[in-house]
Amino acid sequence: MNDVVVPGEDITRLLHSGKQTKIILGPGLRRVAEKVYTCHGGILRKKAPNTYWIDSHRKRYIPQRDELVIGIVTAKQGDYFRVDIGSSELAVLSYQAFEGATKKLRTKVEIGDIIYGRLLTANRDMEPELVCINSKGKSDVMGVLPLDGYLFQCSIDLVRKLLHPNCPFDKLGEALQFEYAIGMNGRIYIRSHQIKRTLALSKAMLASEFLSFKEIQSLCDKLVAQFYNKS
């Protein structure tokens, strides 16, 4: 499904296949009564079996529930922190939103810290709520990221490309020693023991936005040849 749509378009006819199945609406789509309308222009995408969303090039992040994002702590208010996730509103983060956190045992969070977390709620009329635990109460890879890493901004289109199962960057860590986190809000965090390598990886990721997977693989091969013997 690669239909080009415009804002406010009724796309109900494109979603129904004649079977009475539940349809999941993703970013860019809104249900009004028995019809589904687009919130902005772009390309209508489908993920089997019944998930639909609008793929568009945008810089402003629209929070979506359960998405992993990277934020920056900007303020502390009582038992909550305010976190900038690049959306129109700041997200809230409770001190209890960490694995093993209690009233007496709290994770140390300071203003300016980088947070990798999951959006627990993301309603249009409410401020987003961020947590650093999964549905089982485990941190997994979420939490406060070390400040010696490098955080940079990119387009949301590039984020989706880097998270694609066929993207060669996913296997680059097998050859080079580095850590990275990708947020659906258009932020990428990279950490390695060499500043030169960190900057080279960030530039390669940004350059891959308009490259094919084959071209990205060639780029990754050049990085491995440049840094493999220096690991």
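Reckoned from all heavy atoms, side chains included, excluding hydrogens, waters and symmetry mates.
Summarising the hydrophobic clusters (Ile, Leu, Val, Met, Phe, Trp, Tyr; side-chain heavy atoms under 4.5 Å, direct or chained), the residues clustered with V32 are Y37. L120 belongs to a hydrophobic cluster whose remaining members, ordered by chain and number, are V131, I133; membership requires side-chain heavy atoms of ILVMFWY residues under 4.5 Å apart, directly or through intermediates.
For C132 against L93, the heavy-atom pair with the smallest separation is SG-CD1, 4.4 Å.
Test I85, V83, T74 against L90 for side-chain contact (heavy atoms from CB on, under 4.5 Å) and you get one pass: T74.
Evaluation of the salt bridge (charged side-chain N to carboxylate O under 4.0 Å, His left out) rule for R106 yields D79 as partners, not counting sequence neighbours. Legend: residues meeting salt bridge (charged side-chain N to carboxylate O under 4.0 Å, His left out) with R82, ordered by chain and number and at least two apart, are E127. Under the side-chain hydrogen bond (donor to acceptor under 3.5 Å, both in side chains) criterion, D84 pairs with R187, not counting sequence neighbours. Residues passing the side-chain hydrogen bond (donor to acceptor under 3.5 Å, both in side chains) test with E179 are R191, sequence neighbours excluded. The salt bridge (charged side-chain N to carboxylate O under 4.0 Å, His left out) check on K222 picks up nothing, with sequence neighbours excluded. With sequence neighbours excluded, the residues that form a side-chain hydrogen bond (donor to acceptor under 3.5 Å, both in side chains) with D221 are Q217. Contacts of E67 classified as side-chain hydrogen bond (donor to acceptor under 3.5 Å, both in side chains), with partners at least two apart in sequence or in another chain: Y61. Legend: residues meeting salt bridge (charged side-chain N to carboxylate O under 4.0 Å, His left out) with D140, ordered by chain and number and at least two apart, are absent.
Looking at Y189, its side chain does come within 3.5 Å of a backbone N or O of P146 through a donor-acceptor pair. The closest donor-acceptor contact from the side chain of S87 to the backbone of I62 lies at 3.5 Å or more, if one exists at all. Without hydrogens or angle criteria, E215 side chain to S208 main chain gives no donor-acceptor distance under 3.5 Å.
A ring-ring contact (aromatic ring centres under 6.0 Å, His included) check over residues 123-179, counting only residues at least two apart or in different chains, returns the pairs Y150-F152, H164-F213, F178-Y180.
Side-chain atoms of D10 and T12 include a donor-acceptor pair closer than 3.5 Å.
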Identify every side-chain donor-acceptor pair in residues 96-104 under 3.5 Å, counting partners at least two apart or on other chains, and give the distances.
from : atom 1 : to   : atom 2 : distance (Å)
E99  : OE1    : S139 : N      : 2.9
E99  : OE1    : S139 : OG     : 2.9
T102 : OG1    : K104 : N      : 3.4
T102 : OG1    : L105 : N      : 2.9

### Task
Go through the steps for L119 and L130 under the test side chain to side chain contact (heavy atoms under 4.5 Å, CB included), then give the verdict.
CA-CA 5 Å; L119 287 171; L130 195 65; 3.9 Å; yes
